[in-house]
Structures are given as structure tokens and as C-alpha cells.
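Step one of this worksheet: look at the structure below.
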Amino acid sequence: MSQVFDGYERQYCDLSANLTLKCTSASVLDGEKKKQKLSEIKAGLDDADALIRKMDLEARSLQPSLKATFLAKLREYKNDLNNLKTEVKRITSANANQAAQDERLQSGMADAMMVSADQRGRLLMSTERLNQSTDRIKESRKAMLETEELGVSILQDLHQQRQSLLHAHNTLHGVDDNISRSKKILTTMSRRMSRNKWIIGSIIAALVLAILFILYFKLTH
């Protein structure tokens, strides 16, 4: 739905109802009062034309799926405005024959009452559509809030998972460091063991040579 179009629609409905009442009032007036009332009505018709143009621009800027609906509503308001203009022309037209003028005024009052009844019906329909639009907006807002809450919950879960992954990464990094240190210690120990083996081997070799030398010395003497 277009909130902009709905706003123009409410303004037009209020203005149209007001112009209808003024037309009814002008039909029974004469002289300067009638001229003043017609001047007010013409100014209102200019405002109504401006609202129709705004609604037309807004409707044509909507998506194709919505455009047709709003253009259909716009045609109703254009017909209503044409009826109001016709009524104003009828009221402003002068007739030298007073009897015919009185008859025309009576007919104008009857037509104005019919127009007013039609306008009230349209206003009721517009009010019902506005209520339906309000309900849909409330439902959409409720769904949006639920979606937002779900999104916040998901973000919180993702944050917790990220913290867990960072903790696991830090733990693995610590284990990595420990393994590296252990590897260095084992390497050092291995080198020391190798060196000790060479030392022990050298000592054993020296002892063997010493024993052989002693045996040789004893056997020869």
C-alpha cells in the first residue's frame, strides 16, 4: 500500500465532502452571499484538482501490481470532481426567468442531496479501506518486529559461536606453543643423549684399551 496516496485520498475525501455541503448551501443563496460562497467553492475545486494530480503521479509511480487498483480509485475521484464542477457551473448559470431559476434551484438542491448521499457512501467506503489499510499496517509492523527479534536472537547466537571459536582458536594456539616447546625440549634431550652415548662409548673404549694394555703388560713380564 502507498501511505502517500492514502494521505492524499483522505484530504480529497474531506475536501469533496466540504465542497458538496457548500454547493448545497450556495444553491439556496443569492446576491453577494452566493458569490462569496461560489468563490470559496472554486478555490476548493482548485485544491481538489491539485490533489487529483498528486494522486495520479503517486499511482503511476507504484509497482504494476498496485498501480491498477489505485488508478481505478483515482477514476472514481475524477468522476466525483467532474460532478462537483458540473454542479458549480449549474449553480453559477443565471436565468432571467425567476420561476425557472427557482425550479433550477430546487432541482439543484435535489441533485446536491443525491451527490451528498453518493459522497457519504464513498466516504464510508474510503473509511473502511483506511481501516483495512491500518490493520494491514499493524500486522506488517508486528511481523517486522517479530522478524527483528528473530534477527537479534540469531546475531546473539552468532556472537556466542564466534566467542567460542575464538576461545577454541586461542586454546589451539596455546597447545601449538606447548607442542613446539615440547618438541624443542625433546630435540635438546635427544642431542644430549647422543652426546652422552658418545662419551660413554669413548669411556668404554678407553677402559677396554686400558684392560688390554694391562693384560699385555702382565703377559709380557
Determine whether a donor-acceptor pair (N or O, by modelled atom type, separation under 3.5 Å) exists between the side chain of [X] and the backbone of [Y].
| X | Y | answer |
| --- | --- | --- |
| Thr134 | Leu130 | yes |
| Lys34 | Ile91 | yes |
| Thr188 | Lys184 | yes |

According to side-chain contact (heavy atoms from CB on, under 4.5 Å), who are the partners of [X], at least two apart in sequence or on a separate chain?
| X | value |
| --- | --- |
| Gln36 | Glu40 |
| Asp177 | His173, Arg181 |
| Asp49 | Arg53, Leu81, Lys85 |
| Lys54 | Tyr8 |

*Of all residues at least two apart in sequence or in a different chain, which pass the ring pair (Phe, Tyr, Trp, His ring centres under 6.0 Å) check with Phe217?*
His221

Determine whether [X] and [Y] make a side-chain contact, defined as any pair of heavy atoms from C-beta on separated by less than 4.5 Å.
| X | Y | value |
| --- | --- | --- |
| Arg141 | Lys138 | no |
| Glu128 | Leu124 | no |
| Ile137 | Gln3 | yes |
| Lys73 | Phe5 | yes |
| Leu21 | Ser25 | no |
| Tyr77 | Ser126 | yes |

ILVMFWY cluster membership beyond [X] - transitive side-chain contacts under 4.5 angstrom:
| X | value |
| --- | --- |
| Leu209 | none |
| Ile199 | Ile203, Leu207 |
| Tyr216 | none |

*In terms of heavy-atom contacts, does CD of Gln163 have more than 12 from other residues, nucleotides or ligands at under 6.0 Å?*
yes

_Using a 6.0 Å cut-off, check whether atom NZ of Lys67 has over 12 heavy atoms from anything other than its own residue._
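Yes, because the 6.0 Å sphere around NZ of Lys67 holds more than 12 heavy atoms from other groups.
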
*Where do Leu15 and Ala48 come nearest, in terms of heavy atoms and distance?*
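Distance-wise, the nearest heavy atoms are CD2-N, 3.4 Å.
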
*Tell me the side chain to side chain donor-acceptor pair (under 3.5 Å) pairs involving residues 193-212, sequence neighbours left out?*
none

*May I ask you to decide whether Glu139 forms a salt bridge with Arg136, counting only side-chain N to carboxylate O separations under 4.0 Å?*
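A salt bridge is absent here (no side-chain N lies under 4.0 Å from a carboxylate O).
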
_Residues Glu76, Arg122: salt bridge by 4.0 Å N-O rule_ =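 Salt bridge: no.
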
*Mind checking what makes salt bridge (charged side-chain N to carboxylate O under 4.0 Å, His left out) contact with Arg60, not counting sequence neighbours?*
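Testing Arg60 for salt bridge (charged side-chain N to carboxylate O under 4.0 Å, His left out), a comparison that skips the adjacent residues, returns Asp56.
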
*asked:* Please enumerate all residues that pass salt bridge (charged side-chain N to carboxylate O under 4.0 Å, His left out) together with Glu58, with sequence neighbours excluded.
replied: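 Salt bridge (charged side-chain N to carboxylate O under 4.0 Å, His left out) check on Glu58 returns nothing, list empty.
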
*asked:* Regarding Gln119 and Thr20, do their side chains bring together a donor and an acceptor under 3.5 Å, going by distance alone?
replied: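 Looking only at side-chain atoms, Thr20 and Gln119 do not form any donor-acceptor pair under 3.5 Å.
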
*Taking atom types as modelled, is there a side-chain donor on Tyr12 or Asp47 under 3.5 Å from an acceptor on the other?*
no

_Contact list for residues 209-221, test salt bridge (Lys or Arg N to Asp or Glu O under 4.0 Å), sequence neighbours left out_ = none

